[in-house]
Amino acid sequence: MSKQLSILVPGIRPHNWIELYNSSKGACTKYDYEMVFIGPFDPPSELMENDNVKYFKDFSSVPVCMQKATLECEGELIFHTVDDGILEKHSIDMAIDYYNKYCSEKDVINMRYKEGVDKGGQSMPLRYWKAWSHGDLRWPGIGQDWSISLQPMMSLRYYKYLGGFDCSFEYSNHCHHDLIFRVQMDGGRVINSPIDVCNADHMPGVSGDHQPIFIAQHQHDDPKFFKLYGGAKPFDRIRIDYNNWKSCPQVWKTRFSKERLPKSYEEMLENE
């Protein structure tokens, strides 16, 4: 029997995963769900004792990992979140309640989050979730009324119909923007979740394990994204090839640049 929701977690920090999973039990109490982890380092054995947890080992970039993981999802809906956060009580219940009552298959729930050092962030003002509230998204190819969502919940079938992520991006921010803009070009709505869903940690700049992400976003993804959206609206881009991940490197070289792939999070940090 299919599940209502697959919570998709690309991650390099398995030491956080039990806390994240435990928080999901309070966030989603009314619906059958699974949590699908994908990343390079093995999860705690305790986590894998849960029947609704899956793990897939992969050293690919974040978009490629997420796209591969959707092949294994059983939920009617998918929700992307992060492995350095926790999920707020009843937040997923409320989001699915709203989706089931008011949304069509094309609609996306923007699972709002707060983000700060040591999970100390405050709720974002609603204007934060509008693309043109951000200087680096105020471009001719981006609608002035469009919304953004970096942790969306949406129909898995519709995600696959659109082709999912453009996995030629190296990190998830730009591929999420691109996906959500294609939703809106196709007539779908982006609706803010009733409450914050995730309370995430934050590593500014190149601190912590964030340096490869910073490099991927600004050196690789920014120029590609500008080529797509810096000019006229790319209305022929609503659907892309769902299998585009197959032409991407299977090892994310910006993160894993050594000849020998690390066996643990700690070894990865030593290599960086």
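Treat the numbers as computed from the prediction; the structure is a model and nothing was measured.
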Atom [atom1] of residue position [X] - does it have more than 12 heavy atoms of other residues, nucleotides or ligands inside 6.0 Å?
X: Lys160; atom1: NZ; result: yes
X: Lys227; atom1: NZ; result: no
X: Lys263; atom1: NZ; result: no

In plain terms, say whether [X] and [Y] are close enough for a salt bridge, that is, a side-chain N and a carboxylate O under 4.0 Å apart.
X: Glu105; Y: Arg157; value: yes
X: Arg13; Y: Asp83; value: yes
X: Glu170; Y: Lys224; value: no
X: Arg237; Y: Asp178; value: yes
X: Asp145; Y: Lys130; value: no

Between [X] and [Y], is the gap from one ring center to the other below 6.0 Å?
X: Phe59; Y: Trp252; answer: no
X: Phe37; Y: Phe56; answer: no
X: Tyr113; Y: Trp129; answer: yes
X: His176; Y: Phe165; answer: yes

Does some side-chain heavy atom of [Y] sit less than 4.5 Å from a side-chain heavy atom of [X]?
X: Lys246; Y: Asn244; answer: no
X: Pro140; Y: Tyr229; answer: no
X: Leu5; Y: Tyr31; answer: no

Please check if the side chain of [X] supplies one atom and the backbone of [Y] the other of a donor-acceptor pair under 3.5 Å.
X: Asn199; Y: Gly85; answer: no
X: Tyr55; Y: Gly39; answer: yes
X: Glu72; Y: Lys68; answer: no
X: Asp93; Y: Lys30; answer: yes
X: Lys106; Y: Asp186; answer: yes
X: Arg112; Y: Pro194; answer: yes
X: Asn110; Y: Val190; answer: no
X: Gln67; Y: Cys167; answer: no
X: Ser23; Y: Ile86; answer: no
X: Gln4; Y: Gly75; answer: no

State the [atom1]-[atom2] distance between [X] and [Y], to the nearest 0.5 angstrom.
X: Ser123; Y: Tyr128; atom1: OG; atom2: OH; value: 12.5 Å
X: Cys198; Y: Lys119; atom1: SG; atom2: NZ; value: 8.5 Å
X: Ile7; Y: Cys28; atom1: CD1; atom2: SG; value: 6.0 Å
X: His177; Y: Asp166; atom1: NE2; atom2: CG; value: 14.0 Å
X: Lys25; Y: Ile92; atom1: NZ; atom2: CD1; value: 13.5 Å
X: His15; Y: Asp84; atom1: NE2; atom2: CG; value: 9.0 Å

Same cluster or not: are [X] and [Y] linked, directly or through other Ile, Leu, Val, Met, Phe, Trp or Tyr residues, by side-chain heavy atoms under 4.5 angstrom apart?
X: Val53; Y: Ile38; answer: no
X: Tyr99; Y: Leu8; answer: no
X: Phe214; Y: Val82; answer: no
X: Leu150; Y: Leu87; answer: no
X: Val9; Y: Val36; answer: no

For Asp241, the salt bridge (charged side-chain N to carboxylate O under 4.0 Å, His left out) test, sequence neighbours excluded, returns none
Item to complete: Test side-chain hydrogen bond (donor to acceptor under 3.5 Å, both in side chains) on Asp222 and His174 and set out the steps.
Response: CA-CA 8 Å; Asp222 278 352; His174 289 79; 2.8 Å; yes
### Message
Walk me through whether Thr70 and Tyr242 qualify under side-chain hydrogen bond (donor to acceptor under 3.5 Å, both in side chains).
### Response
CA-CA 10 Å; Thr70 61; Tyr242 179 69; 2.7 Å; yes
message = As a quick check of understanding, evaluate side chain to side chain contact (heavy atoms under 4.5 Å, CB included) for Tyr265 and Asp209, giving each step before the final call.
response = CA-CA 9 Å; Tyr265 176 80; Asp209 58 32; 2.7 Å; yes
Walk me through it: do His90 and Thr29 pass the test side chain to side chain contact (heavy atoms under 4.5 Å, CB included)?
CA-CA 7 Å; His90 301 295; Thr29 66; 3.8 Å; yes
Item to check | Between Tyr21 and Asn52: side-chain donor-acceptor atoms closer than 3.5 Å | outcome: yes
Quiz item: Does any donor atom in the side chain of Ser61 or Tyr171 lie under 3.5 Å from an acceptor atom in the other side chain?
Solution: no
**Request:** Apply the test side chain to side chain contact (heavy atoms under 4.5 Å, CB included) to residues Leu137 and Phe225: give CA-CA distance (whole Å), side-chain angles for both, the deciding distance (0.1 Å), then the verdict.
**Result:** CA-CA 10 Å; Leu137 294 177; Phe225 192 75; 3.7 Å; yes
query: Hey, mind stepping through Tyr98 and Asn192 against side-chain hydrogen bond (donor to acceptor under 3.5 Å, both in side chains) and telling me if it holds?
result: CA-CA 10 Å; Tyr98 188 96; Asn192 290 320; over 6 Å; no
Problem - Check against side chain to side chain contact (heavy atoms under 4.5 Å, CB included), Met66 and Ser172 - result: CA-CA 9 Å; Met66 290 195 292; Ser172 58; 3.6 Å; yes
